[in-house]
Every structure is written in C-alpha cells, then in structure tokens.
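Throughout, protein chains are lettered first and strands after them, A, B, ... in sequence-line order, and every chain is numbered starting at 1. Heavy atoms only: backbone and side chains are in, while hydrogens, waters and symmetry mates are out.
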Amino acid sequence: MRVVAENKRCSGCKLCQLTCAVKRFGENNPKKTGIKVWSEHFTTGFYRVDVCTQCGVCASVCPVGAIQEKDGVYHIDEDACIGCLACVEACLEKALFTHPEKTAPIKCIACGECVALCPRKALTLA
Amino acid sequence: MNGYAGYILRINLTSGESKKEALSSEFVKKYIGGRGFAATILYDEVMPGTDPLGPDNKLIMASGPFAGVFLPAGAKTTFAAKSPASGGYGDSNIGGHLAAEMKYAGYDVIIFEGAAEKPVYVLIDDDRVEIRDAADLWGQGAIAVEQTLKKRLGDEFQIATIGPAGENLVYYACISHDIGRQAGRTGVGAVMGSKKIKAIAVRGTKTIPVADLVELTKIGTEMFATLNNSPELKVWQDYGLGSVPPWANSIGALPYRNFSSGHMEDISGLSGEAMRARITVSDKGCFACPMCTGKFSHDKKRNVFFEGPEYETTALIGGNCDIPNIEDVGYANYVCDEMGLDTISAGNAIGFAMECYEKGIITDKDTGGVQLKFGNVEAFARVAEMIARREGIGAILANGVRYAAGVWKQGSERFAIQIKGVEWSGYESRSAPANMLAYMTCDVGAHHNRAWAITYDIQKGREVFEGKAERVIELQHIRPVFDMLGTCRLQWVEMGLDLSYYARLFPAVTGIPYTWEDLLHVSERVWNLTRAFSARHIPGFGRAFDYPPPRFYEEKVPSGPTAGSVIPKEKLDAMLDEYYQRRGWGADGLPTKETLLRLDLPEVAKDFYGSGLHEAAITRE
C-alpha cells in the first residue's frame, strides 16, 4: 500500500501536508508531515509531490533497525531511532522529512487521510 | 494564544534592529487580526503630516487567526500603510502562502519601520531575523527576484518582492508573491521600496495552537467536503476567474476604453475557455484552497511565463485598453508583474492615457513616439515599463490618473476614473447604484473589495435605489471580516459556503466566544477607524472625496446592454446622505462623536472632538 501522486494535477495547496499533521500528530503544523509539495514551475511547469513509495531502502540503511515493514508499509520506531538521518540521505524519493522538534524523521504510512481530502484528486492509494 | 502565533515582530530598517512584542488578549478581542490589527497600529503610530514615502511611514504585514489552520483558504495577508496614492489609509491583501508561513515562523504581524540606506532583503527563519544586503537583486523583476531567492534559500521560503516600480516609488507599485499573487492596491509596493526592502523571505516550522482541534477538524472537514463535492468547483479549478469577463460583459459591467462604456462587442478571445486552450500550463492555488484559481501560463509568441490573467487584469487591460485577445493580455500581465505594477491601476492609467492620446490631449511628443492608441499591446507594454522606471510619460502616469489629469487638463479631469487618487477597478457601474455607492465609499479608494454589490443591483433592479445604502453598509461590514480573519471570501461569495461556518470556526480556533454579530461589530469599528485615519491625514477629507468622476454622472453609457445608463449627481447626493445617516456619520461624511464612542474608539473621539470643536481639519499639517 502506498500513496501515489500525480504531479500534473497538484495545485500546490498543501492541504495534504496540513491533513497529515492534524491526523497523525494532532497538531496544526504542515511542516510535521509525511508528504511535501514543491514548486517547479520554471523547470517543469508544475508542482512536485514527494511521498514515500514504500520501497524499503531506508530500512536497509538504518543502523539500528528502527524502520520495519508491516503490510507493505514501512514505519519508523521513534523510540529506537537515533536521529542519524542515514535514511533521509538514502531515500530515492527525498520523502523522509525532518523537523526541528523531532529526532526521528517523518515518513508516509499510507493512512490515506490526505488522499481523501485532496481537492484535485491528485493522490491515490495504490 | 489559540489561533495566533502570539507575537508582533517589529523590524527597524534604519537601526537594523528587530524585536518581538507579545500580542495581548485585549488587542486580539478588539481587532481580531489582519486588517483590524493594521488599522489600529497605523492610526496609533503614523502621525498626520507623515510622508507616505518617507521613513516615518510604516508597512504592516498582518496575518489573521484563520490563516494557516485546518479550514479552506486560510491564506490571506494584509499589507497596509499610509498610501502614497490617496494620502490616507491604504491596504491590499494577498493570497498564496505568506499568511500561513509567517504564523509558522511565530508572527501574526510584522511591522517594517524606518528605511535602509541601501537595498536589503529581510530574512525571517523561525526565530532568526536578518537584514541582508540586496545590491545584486535591486533593479530585477519581481518574479525573477523571487526565483533567485527560492534557488538561494530553498523552496520552503515564502517570498514577497517588489519590482522596479516599487523601487521607483510608483504610486501603484505592488508587492508580489508566489509568481502571480499581488498586494496590488494603494501603492504598498512603493512604501516597501521607500524602505529599500527588495524582498521579504519567511520560513517557519512551529505549530499554531488551536482552542479545540477536534471541533476545528470536524467543521473544516465538512467545509472541504462541501467544496470538493460541489458541481460548481470545476469551473473555478478549470478557468480560475476566467468565467467572469464574459459574465461582466453580458451585464454591461466590463470597463471598455477607459470606462467609456461597459461592454465590448466580441469577448470570445478573453474567455476562460480561450485562456485554457491557448495559454494555460497548469493550475495553482493558495494555501488550503480547493478552488485553485491561479493559472500558470505561457505566451508562446513572446515565450514568457507568468501567472494569470485573472478577472481584474482581463477587465482593465483586455476591456479597458481594448486588447481583445488572451495572449496579448497575458503578455501585458507578465510585463506588469515583472515591473511590479498593480494591473488594475496600470490598465486604468494606460487606458486613460490612450483616450487622451486619441483625443489629441497628449501627442507623440508626450509619449516619446509611442503610438498610444487603444488596442496597441506593444504600446501598453512600453508605457508600463516607462511608468515603472518613471521615464518620459511614465513619470506623470506613475503618480496616478488624478495627478496626470491635473497635468494634462484639457477636460481630461472629467474622465480620470479614480476616487481618492486610487484608480477604479473592474466594474463599470453607471447601471448599478449599489455598486456605484460601494466604490464611492470604499475606504481605500475606488476598489470593489469592500462591498461588491453588483449582484444586489441585478437582483433588486438597476433602477431601484431603495435598500441599496443599507446593503452596501452590510457588505462593508461582512466582507472585511474575512480580511481580519486572514482568509479568502470566494468560498462563501462564489461557492456558496454558508457564513455560519465562519461563526462556528471562530471559537473553535481562538477559544474566544464571539458570535457572528460580535465579528461584525469589530468590523464596523475598523471601518470607522480607517475613515478616521484618512480624515486625519488628508486635508479637507470628507464628503467631497466620496464622489465618482464626472463621466459617471454626466455621460450616458453609449452602447451595450446598459446603454443610456447614468446616475445623476442628485441621486449620488441622495445615496450619500442616506449612507452617512445610516452609518451615524455627519453630513460632512465623518463619524460623529456618538458613533465613535459606541464603537469603543474614545481616543479617536478625543482626536476629533476633544476640544468640543470638529478638529479634523485643524489637526492636519
């Protein structure tokens, strides 16, 4: 199970980021998110959405085994994480996001909340 | 403080120092946010006699409690200052992502004071505030500078910029952001330029505290679901504001050839469909907004990329300058955006100059050889650049049409389409009395934002005057509530989201148990405060400043669906009389002492009536 983004449909509203923070962390803070939107208008003409494809590369580089797979989705154990950020470096999608208030990076766990709210139908759960 | 970041950030460009001040609960309850905060800070801190382009003016950047939180389109920042165009209260709001980001950085208001000696840009990154050298950026286009800084700082920074127009203190220079969003009106870009601030870059990572996140999530989810499932959503997502020009044209409201009429024969080249087919690349929206009205666009002929055009630009350039095809309007939009010019005032001012040129009031000698006729987009672009650089005829037009008419005279004063020195925006209103009154009494000058009343005129009848003053006042209280909350109005105005949502949201976000009526009361307070500011700062201010140009009461609309319409001066007088009476203002157009005290503005009452005399004219230099 993974979230798939269609960049050409994205309008950059970042409701996905805000929804992620509210649903997962119970905070109004779209910087605490497992999905991020970037503007690439003067290169591609569109937004780019970075979100985990559940490929598992991060789990394979984690030195303490803090990233585990369950039902096709990779989860970070925040208590086990030592904050070395090797996973952030290794991620092919640049989809592991750090936040100054957290040791462990944040990644998408395919809960689908952002998918339900996207006003552009730019996100699907595959 | 729930709903708020909790701080005002003051940045002094003269000393280079910055400091944080905590927001107080009393301040928040009295003024809510956004425009409300801006109005009271300006009234208290900018004194009569202050030069709008001097170091003692202040540029206020104000977010609101609904910005950046889980509800649709909490995305609006108000920029406010003493306006160089009117000499009175000026503000303009801007969408995109600034309002949210500044709260995540920890600030509800940022006040720019003093002036830098050399060009700078201001960097705000959570608690870090730096004033950085901008010598390498000064002179660049507003869109170009944003891209340069995005590359340098990272895309997460939200950036506001000025173009050459702001640097050169053009009275309608705008502040630009997120490619195609602007704070366009009243010359806020010139105030930024007078402080030598080329750009403001903000990034934040903090959580906004909310009084009841469960309730907010419930209401917000309902609002998002309503919008996302609405059959009306598609036309906005597809065409942005592009469905509006043909509608406005069909009701005789589209400015044509310097507002000589309200209709053009063939608008098919300016429709949303034409835009989508011929220039649209992709759809762009403001923070948390389902409507994504922004259109990233490409004029293939000149190979330029820009965002737009939306309704006002299409009306004031396409209609008002008679440039009837979307690529040319897009190109003109691009030029204005890079120069950092308000497209409303630029389209209005250049349309005015076109009429003067076609009438022989100005000639090739004045234009430097530019054939400034209606329909000539290359001439439009050339003159827009001259305005931004204050070169040739641009030096005259840069001060607005009221000024230009004063220089050129020869009857041009009758068709300089402005009020209070601010150019009229996109609705020809000789057939719409409520809308006419709305423009006459808008606090910042001839702008439609405060009381867009044209649909009321259509609903109740164009010949009808009864009930119109009352409705304009109602709208002048309702609409600015959104400007205080820091959110867009279009989800209510165009998509039909019920106003009751906003009332329910306020206690959920802030914990302040205000009703909708309480919010309207604050709005009325702020309305009187901005009126009082202008009265203190503009010599002789009052009723005389509330009239439209003579074209609108002397000339009948010559053609189109509203042919024959005009609103004679006696009717305008009668509308103003009723308006003032209903507002609790004197026949001179100024708030009475009783009204100011009712609205809890005792200091303002003292400033005007303290010695028992009407002191307004005397306190000004």
Exercise for the section: May I ask you to name which of A:Phe25, A:Trp38, A:Phe46 has the most heavy-atom pairs under 4.5 Å with chain B? Expected result: A:Trp38
Problem - Engaged part of A:Cys10 at the chain B interface, taking heavy atoms whose separation is under 4.5 Å - result: backbone
Practice task
For chain A, find which of B:Val281, B:Asn229, B:Val214, B:Asn228 contributes the most heavy-atom pairs closer than 4.5 angstrom.
Solution key: B:Asn228
Problem - Charged N-O contact under 4.0 Å between B:Arg203 and B:Asp125 - result: yes
Exercise for the section: Measure the CG-CZ distance between B:Leu137 and B:Arg152 for me, rounded to the nearest 0.5 Å. Expected result: 5.0 Å
Handout entry: Max heavy-atom pair count under 4.5 Å with chain B, selected residue of A:Cys118, A:Ala116, A:Gly12, A:Ser11
Key = A:Ser11
Practice task
Answer yes or no: is there an ion pair linking B:Lys301 with B:Glu327, defined by an N-O contact shorter than 4.0 Å?
Solution key: no
Practice task
Return the orientation label for the B:Phe506 and B:Phe66 ring planes: parallel under 30°, perpendicular over 60°, tilted otherwise.
Solution key: tilted
Practice task
Mind ranking A:Arg120, A:Arg9, A:His99 by heavy-atom pairs under 4.5 Å with chain B and telling me who comes out on top?
Solution key: A:Arg120
Handout entry: Side chain, backbone, both or neither of B:Glu156 within contact of chain A (heavy atoms, under 4.5 Å)
Key = both
Practice task
Flag the pair B:Glu222 and B:Arg504 as a salt bridge only when some basic side-chain nitrogen lies within less than 4.0 angstrom of an acidic carboxylate oxygen.
Solution key: yes
Handout entry: Per-residue contact mode, B:Tyr104 against chain A (heavy atom under 4.5 angstrom)
Key = side chain
Handout entry: A:Lys8 versus chain B, the contacting section by heavy-atom distance below 4.5 Å
Key = neither
Problem - Test: B:Asp283 and B:Arg276 ion pair at under 4.0 Å - result: yes
Practice task
Among the options A:Leu18, A:Val22, A:Val37, A:Thr19, pick out the one with the most heavy-atom pairs lying under 4.5 Å from chain B.
Solution key: A:Leu18
Practice task
Salt-bridge test for B:Asp127 and B:Lys206: reply yes if a basic N is under 4.0 Å from a carboxylate O, no otherwise.
Solution key: yes
Handout entry: Toward chain A, the part of B:Leu216 with a non-hydrogen atom under 4.5 Å
Key = side chain
Exercise for the section: For ring-ring contact (aromatic ring centres under 6.0 Å, His included), just list the numbers for B:His298 and B:Phe306, CA-CA rounded to whole Å, side-chain angles, deciding distance to a tenth of an Å, and then say yes or no. Expected result: CA-CA 7 Å; B:His298 184 215; B:Phe306 53 96; 8.5 Å; no
Practice task
For chain A, find which of B:Lys103, B:Gln237, B:Met291 contributes the most heavy-atom pairs closer than 4.5 angstrom.
Solution key: B:Gln237
Exercise for the section: Using non-hydrogen atoms and a 4.5 Å limit, figure out which bit of B:Phe287 sits close to chain A: side chain, backbone, both or neither. Expected result: both
Completion exercise
Applying a strict 4.5 Å limit to non-hydrogen atoms, the region of B:Thr217 in contact with chain A is side chain
